[in-house]
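Before any comments, here is the structure.
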Amino acid sequence: MAKNEGEAVLRAENLKIHYKTKKSYVKAVDGIDLTLRKGETIGIVGESGCGKSTFGQGILKLLPQKTKYYGKLLVRDVDVTPLRENDMRKVRGKVVGMIFQDPMTSLNPITKVEKLFYETLEEHNPGISFNESREVTAQILQKVGIEPRRMREYPFQFSGGMRQRVMIALALVLNPDIIVADEPTTSLDVIVQAQILNLLDELRQSYNASIILITHDLGVVAEMADRIAVMYAGHIVEQNEKEKIYYEPKHPYTKLLLKSIPNTNPKDLELTFIPGSPPSLVNPPIGCRFASRCPYKMSICDEKEPPVVEIDGGMVKCWLYTQGSDNQ
Amino acid sequence: MSLVRLQDIRKYFPVKRSIGEVLLRTSQSFVKAVDGISFEIKAGETFGLVGESGSGKTTTGRIVLRLIEPTEGTIEFDGKDITKLGSDEMRKLRKDMQIIFQDPMAALNPYMKIGDAIKHGLDIHNIGNTQSERKKLICEMLERVNLQADLYDRYPHELSGGQRQRIVIARALILRPKFVVADEALAMLDVSVRSQLLQLLIELKKEMNLTFLFITHDLATTKYMCNRIGVMYLGKFVEIGTYQHIYESPMHPYTKALISAIPEPDPKIMESKKRLIPEGEVPNPINPPSGCRFHPRCPYVMDVCKNVEPPLVKSPDDRLIACHLYTEKSAVQQQDS
Ligand SMILES: Nc1ncnc2c1ncn2[C@@H]1O[C@H](COP(=O)(O)OP(=O)(O)OP(=O)(O)O)[C@@H](O)[C@H]1O
Ligand SMILES: Nc1ncnc2c1ncn2[C@@H]1O[C@H](COP(=O)(O)OP(=O)(O)OP(=O)(O)O)[C@@H](O)[C@H]1O
Ligand SMILES: [Mg+2]
Ligand SMILES: [Mg+2]
C-alpha cells in the first residue's frame, strides 16, 4: 500500500486535549501530530493512561463538555475542534465510526439491541422503517457472529465478548470512512478476535476505509497496522512503519515496551516491565516525560522537552537523536 | 485441601419471548450458559479459565461467589456447602471472596470518588483503625498497582480504562481475601503494566496463600499465574491441564485452534502465520449441537461425535480431555449398548 501518498483523511496538528477537573486540567493529549491516509491502518500503542482513548474519542468530540481542544484536528479537511454538538452528529457514525473500549457503558444496557441499531440507522436515514432496520441489523450481526434473533435482547444479557461484537456491528453499520477502534478485541477469545480483525480488514479493503487501531495487544498491531504511533504521557514519542517499530525501535520507551512482551517458554517465568510510573498529567515535567524512568537519561532530558526529529522514514521525540548528540 | 469445589454446575438463563411467541405458546427456551461443569481449586492454587467468548466463564465465576444462583449443582467453599447459605451468612464470607469484574466501569459507582470506593470496603470490614490509617493503606495499594495517589479524588469516568481496572484490582486485594475471581483483570493494560501487576498478584499469592480463579483470553499470562487451566467451549470443559499441556501440546481440536490463533508480536511471523480457524457459525447456546458441541466445526469430526457427548476423562499424561479422538473405543461401545 502507498504509505506516504494517499489522501489524508485525518490530520492532527499540534493537537492538545485537556480535561477539566475540579481543581485542575489533566493534559491527556498534549501536542501530537499524526496523519491518517485513505486505506491505511495506524496502530496506537502506549502505557495505560497515556491518552490513547482521549485522542480516539476526541476525534468525535465525545469527551466531557468542558474539555479544551487546542491546535487542529482535521477530519476530511474540516477542523472539528471548534465544531458544536449539532455538527458533530453528522460526523459521528457516518464519517467516523467508533468502537469503544468499554462496551457496557457505551451500549445502553436497557435498550434492546434492535432499537440501538434503529436509532443509529434512523439518525442518518430518516424515514427508515423498523422492519428495514431489522433486516440491515440481522445482516451485520451475522457478519460479526451473533445469532440475529438475539437482537431482541438487551445488552446486559450478553457476554462481554458478545457486547463487544454488537458494538463493532453498530460502528460499522453505516460504512464509515474512518473507523476508530479502541481495544476492539480485548474481551474476545483469540478465534473470534481473528475473525473480527479479518472483518475489519475486509471492510478497510472493500470500502478503502482507514482505521485508527488503539490496542495493548502488540500481536494485533503486528498483524493489522501499516504504521504505528507510540504514545507516552500525552505525547507521541515515536512513529514509523510497523516493521521499523518492531525491529529497529528508536525511543527508549518503545524499546523497553517491546522487551516487556512475555515469551511463551514454559520454563522462563521471569517478568520484565518498566520500573517506576508515568508522570502526573496535571503538572507534567518540563523536560522529557520519560526521563525519570529512562536508562539512557542525560542531563538535558530533565531540563528541556525534546524536539520531534525525523529519522529513518519516521519520527522520534528524544534527545538521543537530535543533531550534535552522540547517536545512541 | 481444596478451598473451592464445584460439582456439576448448570446455569440456564430464560430467553425473552416476543409477544407473538407467548401467544403462540412457543415453549420457553434457555441460554445454557454453563452446562455441567465440576472442578476444584486447592488453597494457594490458581485455576485458569480460558475459552470461547460466551462459553460461560463469567457466569461460572459469579456462581462460585453466589452472585447468581446456579440452576443445578453444589458449591463448596473452605469445606462448607454454601449453595444454599442465607444472605446473612454469605455476607460474613464476602470479605474472603472477592471478584475483579470484567467490566470495571460497570463495577464502580459513578458517583463515588475512587478513593472512597476503595475505602468503603475497609469501612465495612473494619480494616485499619483510624480514617488516616485507612487512607494510608489505600495510597500504598494505589502505588502497588502503579497509580498515582492524585487519582484518589477522581471519579471513575475521569480515569482511563486501564486505570479503572487497576482500581477494581486494588479494591479487591486491599481486603486481603482468601479467594479472588479475577475476570479479565489485566485485559486493559499494556504489556509492561500487565507484567508489573502479574508480579504483584504472584507476590500476594505467596504472601497470603491467595487462591485465584483466573479468567482470561490472554493465554500468555496463564503461564505465570495458573497451576491448571480449564478450556471452555459452549458451557462445558473440553480440556483441563497445565500450561504446558494446553500451550505446547493441546489435544482437543478446539484448544488447538485457540492456540493457533494467538497473534504474535512480530510482523514477519504474522505474515506467514497459519491459523486453524474453525469453519462454520459461532454456535448457539440456546440449541447446542448434539453429541460433541464442537462437532459442526471440528475438522476431525467422526460419526460418533454427532451423537454421543464425549466424557471428560484423564489422558495418560494426566490432563483431562473430552474428545472422541482419544476415547473413541469406549465411546463407540457406549453407543452400541
Ligand atoms: N474525564 C476525565 N477527566 C479528567 N482526567 C481524565 C478524564 N478521562 C481521562 N482522564 C485522564 O487522562 C489520561 C488519559 O486517559 P485515556 O483514557 O486517554 O488513557 P488511555 O491511553 O486510553 O489508557 P488505557 O490504556 O488505560 O485505556 C489518564 O491519565 C486519565 O486519568
Ligand atoms: N443475565 C443473563 N441473561 C441471559 N443470558 C445471559 C445472561 N448472562 C449471560 N448470559 C448468556 O450466557 C452465556 C455465557 O455468558 P458469560 O458472560 O458467562 O460468557 P463468558 O465466557 O464470560 O464470555 P466472554 O469471554 O465474552 O466474557 C452467553 O451466551 C450470554 O449471552
Ligand atoms: Mg483507553
Ligand atoms: Mg466474561
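What you see is a predicted model, and the numbers here were worked out from it, not measured in a lab. Chain letters run A, B, ... following the sequence lines, proteins first and then strands; every chain starts at 1.
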With a 4.5 angstrom heavy-atom cut-off, could you sort out which part of [X] is near chain B: side chain, backbone, both or neither?
X: A:Gln57; value: neither
X: A:Val26; value: side chain
X: A:Glu153; value: side chain
X: A:Val221; value: neither
X: A:Lys23; value: side chain
X: A:Thr272; value: backbone
X: A:Ser53; value: neither
X: A:Pro278; value: both
X: A:Tyr19; value: neither

Would you mind checking if [Y] and [X] are paired as a salt bridge, meaning a charged N to carboxylate O distance below 4.0 Å?
X: B:Arg275; Y: A:Glu223; result: yes
X: B:Asp153; Y: A:Lys22; result: no
X: B:Lys223; Y: A:Asp268; result: no
X: A:Arg293; Y: A:Glu47; result: yes
X: B:Lys11; Y: B:Asp35; result: no
X: A:Glu241; Y: A:Arg227; result: no

- Message: I need the A:Tyr247 OH to A:Leu258 CG distance, nearest 0.5 Å.
- Response: 10.5 Å
With a 4.5 angstrom heavy-atom cut-off, could you sort out which part of [X] is near chain A: side chain, backbone, both or neither?
X: B:Ser195; result: both
X: B:Val50; result: neither
X: B:Ile202; result: side chain
X: B:Gln199; result: both
X: B:Tyr243; result: side chain
X: B:Gln102; result: side chain
X: B:Pro285; result: side chain

- Task: Determine the sole option in A:Ile110, A:Asn108, A:Leu116 for which the side-chain contact (heavy atoms from CB on, under 4.5 Å) test with A:Pro155 is passed.
- Result: A:Leu116
- Within 45 degrees of the axis of the six-membered ring of B:Tyr233 and under 6.0 Å from its centre: does B:Arg293 put its NZ or CZ there? no
- Query: Can you name the closest pair of heavy atoms from A:Gln195 and B:Arg297 and give their distance?
  - Reply: NE2-NH2, 4.0 Å
Among the options [options], pick out the one with the most heavy-atom pairs lying under 4.5 Å from chain A.
options: B:Glu184, B:Glu158, B:Gln148; result: B:Gln148
options: B:Ile269, B:Ile286, B:Val193, B:Ile277; result: B:Ile277
options: B:Lys57, B:Arg166, B:Gln165, B:Glu143; result: B:Arg166

- With a 4.5 Å limit on heavy-atom distance, are the side chains of A:Pro184 and A:Leu213 in contact? yes
- Message: I need the residue from A:Leu218, A:Thr186, A:Ile191, A:Asp182 with the largest number of non-hydrogen atom pairs under 4.5 Å to chain B.
- Response: A:Ile191
- Pick from A:Asp189, A:Leu257, A:Thr21 with the largest number of heavy-atom pairs that fall under 4.5 Å of chain B: A:Asp189
- Message: Angle between ring planes, B:Phe294 versus B:His252, binned at 30° and 60°: parallel, tilted or perpendicular?
- Response: tilted
- Message: Can you classify the ring geometry of A:His251 versus A:Tyr253 as parallel (below 30°), tilted (30 to 60°) or perpendicular (above 60°)?
- Response: perpendicular
In a table with atom names and distances, give each donor-acceptor pair under 3.5 Å that connects a side chain of residues 104-114 of chain B to protein atoms at least two apart or in another chain.
unit_1, atom_1, unit_2, atom_2, d
B:Asn109, OD1, B:Tyr111, N, 2.9

- Message: I need the single residue from B:His245, B:Glu239, B:Gln244 that forms a side-chain hydrogen bond (donor to acceptor under 3.5 Å, both in side chains) with B:Arg319. Which is it?
- Response: B:Glu239
- Message: So if I take each residue of residues 255-268 of chain B and look for any heavy atom under 4.5 Å from a heavy atom in chain A, which residues do I end up with?
- Response: B:Ala257, B:Leu258, B:Ala261, B:Ile262, B:Pro263, B:Glu264, B:Pro265, B:Asp266, B:Pro267, B:Lys268
- Please check if any side-chain donor atom of A:Thr137 sits under 3.5 Å from a side-chain acceptor atom of A:Glu114, or the reverse. no
